[in-house]
Amino acid sequence: MKLQVLMFYQDDPKKCTAAKMIKFGLAQNIKKIGIKGLVLDPFSKNTLMPKDRSLINSIVGIDCSWNLADQAFSKKFNGIKRKLPPLLAGNPVNYAKLNKLTTAEALAASLFILGHNEQGLELLDKFKWGHTFYELNQNLLGEYSKLEKEEQVELILKDYGLL
């Protein structure tokens with residue numbers, strides 16, 4: 001799956017996971033999003049589902065600071081917008097916080113949900129804490145990769161005591 005990043009350059013460049021993915025050739029830095037690009041948008045009404053795989057040709061992470069996310073996501077983007085189902089951050093800055101993922105974590109989670117597990121693990125391998133994200137969410141990601149309806153997310157969260 002093609003991974004792309006739209007950079008806002010708002011974070012510390014040393015901690016920027018998107019910059020690291022670009023540096024290692026795991027993602028492409030883009031200026032425009034295509035209509036078949038899956039845009040990871042935490043404010044979207046729709047949750048990413050495995051069936052979305054047939055609609056897209058790339059996954060796009062919007063790389064911005066969480067403190068400025070409202071501003072970044074208020075812009076009009078092309079593409080198919082989806083939010084991730086709830087996941088725990090594995091990165092040291094937001095460790096174990098629900099939904100405070102880095103761009104790398106969000107892209108990896110999308111890969112797992114869409115059935116690209118090997119690529120998701122390969123991406124996480126580039127980060128010291130990547131395995132932590134996977135370990136915290138492995139069961140949830142497995143459940144999310146079988147979703148058929150959005151209503152099932154709530155049931156999964158209840159099962160895991162996250163609701």
Side-chain angles (χ1 to χ4, degrees), residues 1-44 47-50 52-73 75 77-145:
M1 177 61 69
K2 189 163 51 169
L3 300 180
Q4 300 176 322
V5 184
L6 188 66
M7 302 283 287
F8 277 79
Y9 302 102
Q10 297 170 335
D11 290 320
D12 178 348
K14 290 184 180 94
K15 293 179 184 168
C16 180
T17 62
K20 189 170 183 176
M21 290 186 300
I22 292 163
K23 178 181 166 187
F24 284 105
L26 297 169
Q28 173 188 19
N29 189 0
I30 60 167
K31 301 284 178 243
K32 279 192 168 171
I33 299 169
I35 56 169
K36 291 192 88 173
L38 171 79
V39 179
L40 297 177
D41 179 346
F43 303 104
S44 173
T47 302
L48 178 63
M49 307 288 283
D52 291 324
R53 188 176 26 233
S54 63
L55 307 174
I56 63 165
N57 63 11
S58 64
I59 304 172
V60 182
I62 307 296
D63 189 73
C64 63
S65 166
W66 272 111
N67 299 333
L68 301 168
D70 295 359
Q71 192 181 318
F73 286 97
K75 296 180 180 359
F77 298 117
N78 282 333
I80 299 160
K81 292 158 198 64
R82 297 287 187 268
K83 67 182 174 190
L84 289 168
L87 293 161
L88 298 166
N91 68 78
V93 176
N94 290 307
Y95 178 77
K97 289 182 186 168
L98 208 53
N99 298 330
K100 283 276 187 156
L101 309 182
T102 63
T103 304
E105 288 171 315
L107 287 170
S110 308
L111 289 166
F112 289 116
I113 292 167
L114 296 171
H116 299 279
N117 296 9
E118 260 180 57
Q119 190 180 358
L121 289 169
E122 182 186 328
L123 178 57
L124 291 173
D125 278 346
K126 291 290 180 212
F127 301 91
K128 287 179 193 149
W129 45 261
H131 68 283
T132 306
F133 173 75
Y134 185 67
E135 287 162 13
L136 284 172
N137 296 292
Q138 186 174 4
N139 294 335
L140 280 172
L141 289 166
E143 298 281 348
Y144 294 154
S145 70

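In what follows, residues are counted from 1 in the order of the sequence shown. These values consider heavy atoms only, across backbone and side chains, with no hydrogens, waters or symmetry-generated copies.
For the atom pair CG (L40) and NZ (K83), the distance works out to 13.0 Å, reported to the nearest 0.5 Å. Distance OG1/T47 to CE/M49: 7.5 Å, rounded to 0.5 Å. Rounding to the nearest 0.5 Å places CG of L136 at 9.5 Å from NE2 of H131. Expressed to the nearest 0.5 Å, how far CG of L38 lies from OG of S110 amounts to 6.0 Å. Annotation: the span from E105 atom CD to N99 atom CG amounts to 11.0 Å, rounded to 0.5 Å. Once rounded to the nearest 0.5 Å, the distance linking CG of L107 with CD of Q119 reads 9.5 Å.
The side-chain heavy atoms of L3 and L111, taken from C-beta on, include a pair separated by under 4.5 Å. Looking only at side-chain heavy atoms (C-beta outward), F112 and Y134 come within less than 4.5 Å of each other. Within the 4.5 Å cutoff, the side chain of L141 has no heavy atoms near those of the N117 side chain. Considering only heavy atoms from C-beta on, D70 comes within 4.5 Å of F43 through its side chain. Proximity of D52 to I80: side-chain heavy atoms (C-beta onward) are nowhere separated by under 4.5 Å. The shortest distance between side-chain heavy atoms of Y95 and T132 falls below 4.5 Å. Contact check for M7 versus C16: side-chain heavy atoms found under the 4.5 Å cut-off. Contact of the N91 side chain with the F127 side chain is not registered, since no non-hydrogen atoms from C-beta on lie closer than 4.5 Å.
Partner of R82 under the side-chain contact (heavy atoms from CB on, under 4.5 Å) criterion, out of D41, I113, L55: L55 alone. Here the options are T103, T17, T102, the test is side chain to side chain donor-acceptor pair (under 3.5 Å), and the partner is D63; only T103 passes.
A pairwise comparison of heavy atoms in V39 and I33 identifies CG2-CG2, 3.7 Å as the closest pair. Closest heavy-atom contact between A18 and V5: CB-CG1, 3.5 Å. Listed here is the closest heavy atom pair of N57 and G37: OD1-N, 4.0 Å. Residues G142 and S145 approach most closely at O-OG, 2.8 Å, considering heavy atoms. Nearest heavy atoms, A108 versus G120: CB-O, 4.0 Å. Minimum interatomic distance between W129 and P92 (heavy atoms only, all atoms of both residues): CD1-CD, 3.2 Å.
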When you look at W66 and K97, which way does the side-chain contact (heavy atoms from CB on, under 4.5 Å) test go after all the steps?
CA-CA 12 Å; W66 272 111; K97 289 182 186 168; over 6 Å; no
Quick one, I59 with M1, criterion side-chain contact (heavy atoms from CB on, under 4.5 Å). Give me CA distance, side-chain angles, the key distance, then yes/no.
CA-CA 7 Å; I59 304 172; M1 177 61 69; 3.7 Å; yes
For L124 and F133, run side-chain contact (heavy atoms from CB on, under 4.5 Å): C-alpha distance rounded to whole Å, both residues' side-chain angles, the deciding distance at 0.1 Å, then the answer.
CA-CA 8 Å; L124 291 173; F133 173 75; 3.9 Å; yes
Apply side-chain contact (heavy atoms from CB on, under 4.5 Å) to residues L48 and L114 and explain how you reach the verdict.
CA-CA 8 Å; L48 178 63; L114 296 171; 4.0 Å; yes
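In this structure, the side chain of S44 engages the main chain of K81 through a donor-acceptor pair within 3.5 Å. Checked by atom type and distance alone, the side chain of N137 never pairs as donor or acceptor with a backbone atom of L140 at under 3.5 Å. Put simply, the side chain of K126 never gets that close to the backbone of F24: no donor and acceptor are under 3.5 Å apart.
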